[in-house]
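Written below as structure tokens is the structure these notes are about.
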Amino acid sequence: MNMSPARRSLLVPVCRWLGRRAGLVGWLGGGLLASIVAALIAWGALQVRVQTIDQGHAKVLQRMRTLQDNVRLTLDLLNASYRAECTPDNLAQLRVLLLKNRDVRQIGLLDEQGRLFCSTVSGQLPQPWARSGQGIDGSVGRYLLNTPLQSFSLLAPADLRATVIERGRFQVVIDDNPTQEVFAQYADGIWAGNVHQRRRAYVGVLGAQTDAMANLDTPHIGFDWQQRVWRVTNSVPGVSPISVQSVLGLGDLAQRHPWIGAGYVLLCMVLGWLAGSALVRLGRYLSSMEFLIRHLCQPANVVCHYQPILELATGRVIGCEVLARLQDGQSLLYPDQFIPALTQQHLGWRFDAAVSRHALLELGAALPPQTHFSVALNFFPQNLRRDLILPHLTAALYDSGRSDLRIELEVTEYDFSSALVPELARLKADGFAISIDDFGTGYSNLGIVKRVAPDYLKIDKSFVFEMADATIRSTLIPEIIAIAKAIGSEVIAEGIETEEQARQLREMGARYGQGYHFAKPMKLDDFLRYLAQQPAQA
């Protein structure tokens, strides 16, 4: 993945931050996902419930249209074919008409002043009833809501009221029971009338939670934060616009389907837990070396340390071993911290190429001219291929502008095998020195070692550490030196920490050495100061 240095420098700290807070980020993310899923489920349930309410409102409006159509036909017929006369014959005909219309219970006759003076239930009234001024003008006629039925019959209870519609010289009393049943089943509030006459035509059980007035501008779905309810409204335009509204509480779904609601809650919890666990693992992975190594293994992050290699007899510095680190923010990563991840991600060549080029350019620009200064470079065994190393190191040496640097290629005895012999032989023929590192710790075939004829055998530091205790391991040092002489190699002893160790190794025949007794691996500036402090060689 190609990424600019600026983005890479931002990515690594972010990933580190996520790793340190993987638990918090994971569970916050899981909780957020669970909340989102719960919200989506709740929204979906709300939409289903709203759809059901809309279907109920459609039934209410259909019932009102059916009622209007029936009443319209009745009033049309009354005004076209009947007289407003309170005679026995006329009343009898009107009563027959009532039998044909299930929505009309009574018919009233109006005099020229618009007063009710006769009805099909009572005949001639003792005194005319004046027209109410609270009516609503509609396409069918004038609606008189909550009209006392005593105006039609003195025998009717005082609290008995109904909807009356009048047009011309006639009034009809609507049978409210079927309509009220539909209203009660599907609505909490109904409004009718134009802007100036608009009134509430029905109040349901939850009527107190409806809007004070709903009209054509009322949104289809609205939420009242104060009462914590949704209001679903459907309106139809006309001479007397009608609005139907229902109230939907937050707990409506849970109350209607408690087991389904409990299942949804459990589902959200499980999804949240799974997502949280996944985010925790992701956060830890993003901060792991397995992930970060791709972003850390860049030339800009390579830091080279140099450990001098000296001639034991004279103390003369003949070269150095390049030891690589990776810069991770303010920290330095050592090989044991990143090599396993580097190998796992197959980044060995990228790393080897970056380290070797960085070291040669850095040393080439800083070292004073000298003869055959040896620079020991460690390569992964799979990268010790002539087709990779020769063009790469040739280009690096050319760019360094130095021809007096001698490249030494190190391969550990543990990784040494017969498959490497042809490649190492070709590289040696190209002028590179070959060194077998950590010699004595592996089980290499001496015949194979002899075929390579390495320039150096490096005695592993574990042999040197045990010299003072005269262990079996330390007694093998003379044998290793003898093997080196037999195959024409020089010996470099690693891990020298005391003058006594240096003396004994020198007496045993080891020509070169390196270790903390002489100097630790150093950055370039410190390495240059170290070289400057060494006595001039004769």
Taking everything shown except F223 itself, do over 12 heavy atoms lie less than 6.0 Å from its CZ?
->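 Yes, because the 6.0 Å sphere around CZ of F223 holds more than 12 heavy atoms from other groups.
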
Should the heavy atoms of other residues, nucleotides or ligands under 6.0 Å from NZ of K428 be counted, would the total exceed 12?
->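 Above 12, so yes.
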
So how far is it from [X] [atom1] to [Y] [atom2], rounded to the nearest 0.5 Å?
{"X": "L424", "Y": "I434", "atom1": "CG", "atom2": "CD1", "value": "5.0 Å"}
{"X": "L531", "Y": "L367", "atom1": "CG", "atom2": "CG", "value": "6.5 Å"}
{"X": "I492", "Y": "L312", "atom1": "CD1", "atom2": "CG", "value": "9.5 Å"}
{"X": "Q209", "Y": "Q227", "atom1": "CD", "atom2": "CD", "value": "5.0 Å"}

Please assess L363 against L524 for the test side-chain contact (heavy atoms from CB on, under 4.5 Å), listing each intermediate value before the final yes or no.
-> CA-CA 8 Å; L363 289 172; L524 180 65; 3.9 Å; yes

Is [Y] paired with [X] through a side-chain N to carboxylate O contact shorter than 4.0 Å?
{"X": "E507", "Y": "R503", "value": "yes"}
{"X": "D399", "Y": "R357", "value": "yes"}
{"X": "D525", "Y": "K523", "value": "no"}

Among V303, V302, N301, which residue meets the side-chain contact (heavy atoms from CB on, under 4.5 Å) test with R325?
->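 Checked V303, V302, N301 against R325; only one passes side-chain contact (heavy atoms from CB on, under 4.5 Å): V303.
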
For the side chain of [X] and the backbone of [Y], is there at least one donor-acceptor N/O pair under 3.5 Å apart?
{"X": "Q55", "Y": "H57", "answer": "no"}
{"X": "S489", "Y": "P454", "answer": "yes"}
{"X": "Q298", "Y": "R294", "answer": "yes"}
{"X": "D430", "Y": "F432", "answer": "no"}
{"X": "H392", "Y": "A353", "answer": "yes"}
{"X": "D211", "Y": "A214", "answer": "no"}
{"X": "E290", "Y": "A341", "answer": "no"}
{"X": "T210", "Y": "L206", "answer": "no"}

Result of checking Q307, K458, H305 against E321 for side-chain hydrogen bond (donor to acceptor under 3.5 Å, both in side chains) =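 Between E321 and the candidates, side-chain hydrogen bond (donor to acceptor under 3.5 Å, both in side chains) is satisfied uniquely by K458.
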
Do [X] and [Y] touch side chain to side chain, with heavy atoms closer than 4.5 Å?
{"X": "I293", "Y": "L326", "result": "yes"}
{"X": "C320", "Y": "F373", "result": "yes"}
{"X": "N215", "Y": "P241", "result": "no"}
{"X": "D328", "Y": "F338", "result": "no"}
{"X": "R406", "Y": "D455", "result": "yes"}
{"X": "I309", "Y": "F518", "result": "no"}
{"X": "I339", "Y": "F380", "result": "yes"}
{"X": "M522", "Y": "Y306", "result": "no"}

Mind telling me whether Y530 and F527 have parallel, tilted or perpendicular rings, with 30° and 60° as the class edges?
->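 Correct class here is parallel.
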
Criterion side-chain contact (heavy atoms from CB on, under 4.5 Å) on I318 and R316, from CA distance to verdict | CA-CA 6 Å; I318 59 109; R316 178 174 64 92; 3.5 Å; yes

Taking atom types as modelled and ignoring hydrogens, do the side chains of Q51 and Q47 form a donor-acceptor contact shorter than 3.5 angstrom?
->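 Their side chains do not contain a donor-acceptor pair, so the 3.5 Å distance test is not met.
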
